[in-house]
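I have placed the structure first, in the form of structure tokens, so that the comments after it can refer back to it.
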Amino acid sequence: MSRTRVLVLFGGRSSEHSISVVSAGSVISAIDTERFEVLPVGITPEGAWVAHHGRPERMVIEDGDLPVVGPEGAPAALSLDPRVRGVWFEESDGGRRFEGIDVAFAVMHGPQGEDGAIQGLFELAGLPYVGSGILASAACMDKTVTKQILRDAGIPAGRWHSFDHDDWHSDVHTSDHVDVVDGLGWPVFVKPARAGSSMGVSKVHAPEHLGRAVTEAARHDSRIIVEASVEGAREIECGVLVGTDGRPRASVPAEIKVREGHEFYDFEAKYLDDSADLIVPAELPPGVAEAVQRMALAAFDALGCRGLARVDFFLDAAQGLVVNEVNTMPGFTPISMYPRMWQATGVTYPELIATLLADAVERP
Ligand SMILES: Nc1ncnc2c1ncn2[C@@H]1O[C@H](COP(=O)(O)OP(=O)(O)O)[C@@H](O)[C@H]1O
Ligand SMILES: [Mg+2]
């Protein structure tokens with residue numbers, strides 16, 4: 001039996017470039033090579049597609065240094081002709097080499113990787129791919145759209161206010177926005193609507209600090225969301241995976257506890273200084289874990305996701321469960337929650353990858 005050829009794409013132009021490289025490194029290391037053959041292609045921060053020859057063990061964060069896809073590899077181009085599924089490489093002698101592929105796995109986070117852009121490219125190319133389609137990817141990338149869809153589906157998504165950065169700066173509107181934000185109560189969280197890994201996220205305690213937080217968020221996206229802070233809440237996450245029977249299943253929930261020194265689960269706490277405890281499975285009162293799983297599946301369904309997602313919640317004494325966000329391509333690094341939650345549910349990392357690829361290939 002011939003092996004399934006998998007295009008593993010990583011890096012890219014989003015601010016989560018390096019996290020994508022680390023995620024892809026773990027995927028490539030863990031993939032079952034008896035069943036799958038990996039064709040790794042990196043995308044540089046400038047957007048160039050290149051053949052990747054580095055060892056996956058080198059795709060890690062070392063002493064705080066984030067890995068980056070360099071421009072050295074042979075230039076690569078995805079065939080957009082659905083009759084010719086694969087990648088063309090430009091060789092140094094001027095020739096071209098073609099590598100056929102059966103399925104694509106864009107282990108990419110953030111804009112252009114997780115927002116429907118690359119999914120659209122795979123659709124054009126007639127290539128099966130892991131994960132959600134164009135619409136669900138785009139909807140989950142944008143925190144305002146996610147919340148609107150969840151709210152319409154009767155799933156609690158908190159209170160928020162959103163606006164375009166341009167609009168914030170027009171004199172007429174700044175004070176209107178501040179008034180609405182004031183109505184949410186302090187503190188608030190200010191975020192880029194479409195980003196990830198806590199990039200551009202700030203917690204703001206008073207109106208006079210709002211401007212700076214908006215400017216910071218606007219470095220990542222022109223659309224800004226301000227959310228009421230769910231104070232003192234526990235952060236709970238739940239994985240959803242579509243099994244070989246085509247049905248979505250929820251993993252055991254897990255909890256993130258950020259230790260002192262971080263006001264919230266920021267970039268450093270996530271990837272650099274090891275200051276967050278990941279408790280897998282979460283210790284939850286009877287019935288609550290099931291409620292988390294039910295709500296995770298309901299959110300997955302409402303947003304039209306496919307393949308996989310990680311649904312992130314706040315669990316608050318007063319409000320109960322609130323969905324914070326839905327990630328259609330969650331982190332796959334060795335310390336990432338998504339693979340760890342599945343491990344705790346009885347699905348090993350290689351099985352998880354195989355299930356995702358099988359779902360992509362078998363999907364009509
Ligand atoms: N409304 C909120 N209430 C309380 N904490 C929040 C809220 N929004 C974000 N946070 C904190 O900020 C972190 C990052 O925010 P999040 O929306 O998850 O951004 P990202 O998409 O970058 O992960 C969360 O994990 C949480 O610690
Ligand atoms: Mg998050």
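Ligands are counted one by one from 1 in listed order, and the atoms in each one are counted from 1 as well.
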- Please lay out, stage by stage, how E227 and K147 fare under the test salt bridge (Lys or Arg N to Asp or Glu O under 4.0 Å). CA-CA 11 Å; E227 299 175 10; K147 285 180 186 295; 3.8 Å; yes
- Under 4.0 Å from ligand 1 - residues by heavy atom, chain and number: K143, F189, K191, G196, S197, S198, E227, A228, S229, V230, E235, F264, Y265, K270, F314, N324, E325
- Task: Answer with yes or no whether the side chains of H52 and E72 bring together a donor and an acceptor at under 3.5 Å.
- Result: no
- Crowded around R5 CZ? As in, over 12 foreign heavy atoms under 6.0 Å? yes
- Query: Using the ring of each side chain (for Trp, its six-membered ring), is F264 parallel, tilted or perpendicular to F189, with breaks at 30° and 60°?
  - Reply: perpendicular
May I have the list of side-chain donor-acceptor pairs in residues 351-364 shorter than 3.5 Å, sequence neighbours left out?
from : atom 1 : to   : atom 2 : distance (Å)
E351 : OE1    : T348 : N      : 3.1
T355 : OG1    : E351 : O      : 2.7
D359 : OD2    : R363 : NH2    : 3.0
R363 : NH1    : Y129 : O      : 3.3
R363 : NH1    : G131 : O      : 3.3
R363 : NH2    : G131 : O      : 3.3

- Message: Once you measure the plane-to-plane angle for Y338 and W342, does it fall in the parallel (<30°), tilted (30-60°) or perpendicular (>60°) bin?
- Response: perpendicular
- Can you tell me if D142 uses its side chain to pair, donor with acceptor, with the backbone of A139 under 3.5 Å? no
- Message: Counting neighbours of CD on E62 that are heavy atoms of other residues, nucleotides or ligands and sit closer than 6.0 Å, is the number greater than 12?
- Response: no
- Message: My understanding is that only residues two or more places apart in sequence, or in another chain, count here; which of them pass salt bridge (Lys or Arg N to Asp or Glu O under 4.0 Å) with D316?
- Response: none
- Below 2.8 Å of the Mg ion (ligand 2), tally up the protein N/O/S atoms for me. 1
